[in-house]
Asker: 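Here it is, the structure, as structure tokens.
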Amino acid sequence: MKFKVIENENVSTVFLNGEIDMDIADDVREIVFPLIDSGKEVHLNLKDVQYMDSSGISVIIESNQRAREKNTKVELKEVSQPVEKVLAMARKFL
Amino acid sequence: MTDLNHIEKKAFLVKSSSLKDVRTFCREVFEKLNIEQNLKDELVLAIAEAAQNIVKHAYKDKPDANEIMVVEISLVNKEMKIAFYDMGTPVDPKKVKHREIDNVKPGGLGTFFMQEIMDAVEFKDGKKPWINHLVLTKQL
């Protein structure tokens, strides 16, 4: 999986793509967590993510918790339909 | 959806990089069965979560074991059964449950997804040489 990151003032937008599972989740953490730790607001653009399972949801939960600790925030942008379905199932946990 | 009875199985190495192959196998089988897209996505998610649990939990203590797990998909009389076989650490079914809804932390969601999607999630006795035998069932 290749990531694209666009920096815009105090917002970093990470464009994720492909399928996010247990095998990929740590790669996402390695990209996203340092951005959060730098205090920036992070947008995760999910328009090109065709599949996400509980490992991806875990990354989102961890990112939100981490962002709160750093007094910043993480937002999901352009969520693809397949990911939206998984998020809808997980929403009661988010 | 096809009315034909159908059974297919495939072995995979127990490692996280196999999970994509598990999903591909399931999608191909569901394609043959003409399962509609929404249901197909849900079934693939449930299967992927079960396979992930095998990699993550049953082989937690032996990540480089180079062992296999088998996924078997059957559709008989409109009942879909997805069976998993592995030789990892024995699972205590009583300890397999999703976390509480007000407990916002990562982990435990996979079991929740399986239970939400499927009609039944059951551990059966593993026939030798298998140790664990998980069966997911859904009436179609």
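Side-chain atoms are counted along with the backbone in the values below, which use heavy atoms only and exclude waters and symmetry mates. By convention in this document, chain letters (A, B, ...) are assigned in the order of the sequence lines, proteins followed by strands, and residues within each chain are numbered from 1. Nothing here was measured: the structure is a model prediction, and the numbers come from that model.
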Asker: Taking a hydrophobic cluster as the set of Ile, Leu, Val, Met, Phe, Trp and Tyr residues connected by side-chain heavy atoms closer than 4.5 Å, whether directly or through intermediates, do Ile31(A) and Phe15(A) fall within one such cluster?
Answerer: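 Unlinked, Ile31(A) and Phe15(A) end up in two clusters.
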Asker: Decide yes or no for Tyr51(A) and Asp41(B): does some side-chain heavy atom of the first lie under 4.5 Å from some side-chain heavy atom of the second?
Answerer: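 No, every pair of side-chain atoms sits at 4.5 Å or beyond.
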Asker: Using the side chain to side chain contact (heavy atoms under 4.5 Å, CB included) definition, which of the options Lys15(B), Glu49(B), Lys56(B) pairs with Met22(A)?
Answerer: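 Single pass found, and it is Lys56(B).
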Asker: Which atoms of Gln52(B) come close to chain A, meaning under 4.5 Å heavy atom to heavy atom: side chain ones, backbone ones, both, or neither?
Answerer: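 Both backbone and side chain of Gln52(B) come within 4.5 Å of chain A.
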Asker: If I take atom OG from residue Ser54(A) and atom CE from residue Met114(B), how far apart are they, to the nearest 0.5 angstrom?
Answerer: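 Rounded to the nearest 0.5 Å, the OG-CE separation comes to 8.0 Å.
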Asker: Just wondering, more than 12 heavy atoms not from Asp125(B) lying within 6.0 Å of its CG?
Answerer: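 For Asp125(B), atom CG is not crowded (no more than 12 foreign heavy atoms under 6.0 Å).
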Asker: To the nearest 0.5 Å, how far apart are CG in Asp53(A) and CG in Leu109(B)?
Answerer: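 These two atoms lie 10.0 Å from each other.
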Asker: Could you tell me the separation between the NZ atom of Lys85(A) and the CG atom of Leu45(B), rounded to the nearest 0.5 Å?
Answerer: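 It comes to 9.5 Å.
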Asker: Does Glu9(A), at its CD atom, have more than 12 non-hydrogen atoms belonging to other residues, nucleotides or ligands within less than 6.0 Å?
Answerer: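 Not buried by this count: 12 neighbours or fewer within 6.0 Å.
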Asker: Is Glu116(B) salt-bridged to Arg91(A), cutoff N-O under 4.0 Å?
Answerer: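 Looking at Glu116(B) and Arg91(A), the cut-off is not met.
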Asker: Drop me the distance from Glu19(A)'s CD to Arg23(B)'s CZ, to the nearest 0.5 angstrom.
Answerer: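 Taking CD in Glu19(A) and CZ in Arg23(B), the distance rounds to 4.5 Å.
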Asker: Are Val135(B) and Ile82(B) linked, directly or through intermediate hydrophobic residues, by side-chain heavy-atom contacts shorter than 4.5 Å (ILVMFWY only)?
Answerer: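 No.
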Asker: Got more than 12 heavy atoms from elsewhere within 6.0 Å of CD, Glu7(A)?
Answerer: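 More than 12 within 6.0 Å, yes.
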Asker: Should Ile6(A) and Leu46(A) be counted in the same cluster of Ile, Leu, Val, Met, Phe, Trp and Tyr side chains packed under 4.5 Å apart?
Answerer: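 In one cluster with Ile6(A): Leu46(A), no.
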Asker: For the pair Lys20(B) and Asp21(A), find out whether any cationic side-chain nitrogen is under 4.0 Å from an anionic carboxylate oxygen.
Answerer: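 No salt bridge links Lys20(B) with Asp21(A).
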Asker: Honestly curious: do Val83(A) and Phe3(A) fall in one hydrophobic cluster under the side-chain, below-4.5 Å linking rule?
Answerer: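 Val83(A) and Phe3(A): one cluster.
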